Amino acid sequence: METLNMIKSRRAIRKYSGQITDEQLKKILMAANAAPVSLGSYDEYRLTVIQDPKVLAQIGGTYDAPTFIVVSAQNPGNSQYVSAGAIVHNMELAAQDQGLGSNYNMGSMRSVPTEVLPNGFSAVFGLTVGQTTEKFTPREIPMDRIKTNIVK
């Protein structure tokens with residue numbers, strides 16, 4: 001999918017029709033690893049892929065997604081939250097490029113069971129992912145949606 005059309009087609013998916021394949025997951029995780037992180041400190045982050053229905057049932061606000069990918073960080077502060085956002089955004093674009101549904105998720109971080117996260121890491125940002133029957137079609141984006149100042 002051409003990048004700008006993909007961006008104009010992006011939408012939050014909250015209804016999933018099935019599990020993703022291992023190959024689709026691999027591409028999503030590759031996109032996560034390609035994301036920029038503050039000061040190149042990749043060792044400060046971990047990805048936890050949750051597909052176990054029993055664990056998913058413990059996490060609120062995941063819209064019954066078959067896969068939930070959690071980005072966690074050590075001692076998260078502002079730069080870790082920004083970097084986690086970049087990681088999740090890359091994963092979301094990789095999911096959409098494969099025709100998968102996904103949705104950004106920060107609201108569920110408190111309900112992620114700590115025992116599924118690596119020791120010393122806290123859940124920062126997540127992405128729900130799954131097959132979807134939704135169609136991604138480009139839409140017109142108003143250029144004044146976000147008011148802009150241009151200083152020349």
Side-chain angles (χ1 to χ4, degrees), residues 1 3 5-139 141 145-146:
M1 185 179 283
T3 304
N5 279 337
M6 185 167 65
I7 290 169
K8 291 188 326 186
S9 301
R10 198 209 71 72
R11 46 190 293 211
I13 301 298
R14 295 179 179 92
K15 186 175 180 183
Y16 302 96
S17 59
Q19 183 59 273
I20 65 175
T21 68
D22 289 344
E23 187 60 32
Q24 290 169 324
L25 177 60
K26 182 178 177 182
K27 290 177 181 177
I28 292 168
L29 296 176
M30 183 282 305
N33 281 278
V37 300
S38 179
L39 301 173
S41 302
Y42 291 92
D43 286 344
E44 295 178 10
Y45 303 88
R46 296 292 185 273
L47 300 171
T48 302
V49 178
I50 303 170
Q51 295 180 322
D52 181 333
K54 290 178 185 173
V55 177
L56 288 167
Q58 298 175 48
I59 305 170
T62 60
Y63 308 103
D64 296 320
T67 297
F68 188 44
I69 305 172
V70 177
V71 179
S72 57
Q74 293 176 315
N75 305 310
N78 288 340
S79 62
Q80 286 77 24
Y81 281 94
V82 170
S83 295
I87 294 167
V88 169
H89 187 66
N90 266 22
M91 291 192 298
E92 194 278 339
L93 291 174
Q96 184 177 330
D97 188 54
Q98 299 178 81
L100 300 171
S102 61
N103 194 11
Y104 300 104
N105 190 309
M106 289 184 80
S108 299
M109 295 304 97
R110 289 187 180 174
S111 62
V112 174
T114 55
E115 62 269 13
V116 302
L117 300 175
N119 284 339
F121 287 80
S122 300
V124 176
F125 207 156
L127 186 74
T128 57
V129 187
Q131 302 292 337
T132 186
T133 58
E134 300 284 334
K135 301 296 179 210
F136 298 101
T137 55
R139 64 192 189 285
I141 307 295
R145 184 183 250 179
I146 301 172

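As the structure is a prediction and not an experimental result, all values here were calculated from the model. Starting from 1, each residue takes its place in the sequence as its number.
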For the residue pair [X] and [Y], what are the closest heavy atoms and their distance?
X	Y	answer
M109	V70	SD-CG1, 4.3 Å
Y45	S79	OH-O, 3.9 Å
N90	A31	ND2-O, 3.0 Å
A12	N103	CB-OD1, 3.3 Å

- Message: Can you tell me which residue among T48, I28, V88, I87 is in a side-chain contact (heavy atoms from CB on, under 4.5 Å) with I69?
- Response: I28
- Partners passing side chain to side chain contact (heavy atoms under 4.5 Å, CB included) against A84 (at least two apart in sequence or in another chain): V71, V124, F125
- Sorted by chain and number, sequence neighbours left out, side chain to side chain contact (heavy atoms under 4.5 Å, CB included) with A65 holds for Y16, T128
- Would you check if M6 and F136 make a side-chain contact, meaning some heavy-atom pair closer than 4.5 Å? no
- Item | Minimum side-chain heavy-atom gap S72-S122 below 4.5 Å | no
Check: [X] side chain, [Y] main-chain N or O, donor-acceptor pair, under 3.5 Å:
X	Y	value
Q96	L93	no
S108	S111	no
N105	T62	no
S38	S83	no

- Do L29 and V49 pass the side-chain contact (heavy atoms from CB on, under 4.5 Å) test, and can you show the C-alpha distance, the side-chain angles, and the key distance before you say yes or no? CA-CA 9 Å; L29 296 176; V49 178; 4.1 Å; yes
- CG/L39: more than 12 non-hydrogen atoms of other groups inside 6.0 Å: no
- Would you say R139 has more than 12 foreign heavy atoms packed within less than 6.0 Å of its CZ? yes
- Any chance the side chains of Q98 and E23 put a donor and an acceptor closer than 3.5 Å? no
Would you give the length of the straight line joining atom [atom1] of [X] to atom [atom2] of [Y], rounded to the nearest 0.5 angstrom?
X	Y	atom1	atom2	value
I13	T133	CD1	OG1	8.5 Å
Y42	N33	OH	CG	8.5 Å
T114	F121	OG1	CZ	14.0 Å
M91	L100	CE	CG	12.5 Å

Show every donor-acceptor pair shorter than 3.5 Å between a side-chain atom in residues 50-60 and any protein atom, with sequence neighbours excluded, or say none if there are none.
unit_1 : atom_1 : unit_2 : atom_2 : d
Q51    : NE2    : Q19    : OE1    : 3.3
Q51    : NE2    : T67    : OG1    : 2.9
D52    : OD1    : K54    : N      : 2.8
Q58    : NE2    : K54    : O      : 3.4

- Message: Can you pull out every salt bridge (charged side-chain N to carboxylate O under 4.0 Å, His left out) where at least one residue sits in residues 31-44? Sequence neighbours excluded, please.
- Response: none
- Give every residue pair that meets the salt bridge (charged side-chain N to carboxylate O under 4.0 Å, His left out) criterion with at least one member in residues 6-20, sequence neighbours excluded. R10-E92, R11-E134
- Who passes side chain to side chain donor-acceptor pair (under 3.5 Å) against Y104, sequence neighbours left out? H89
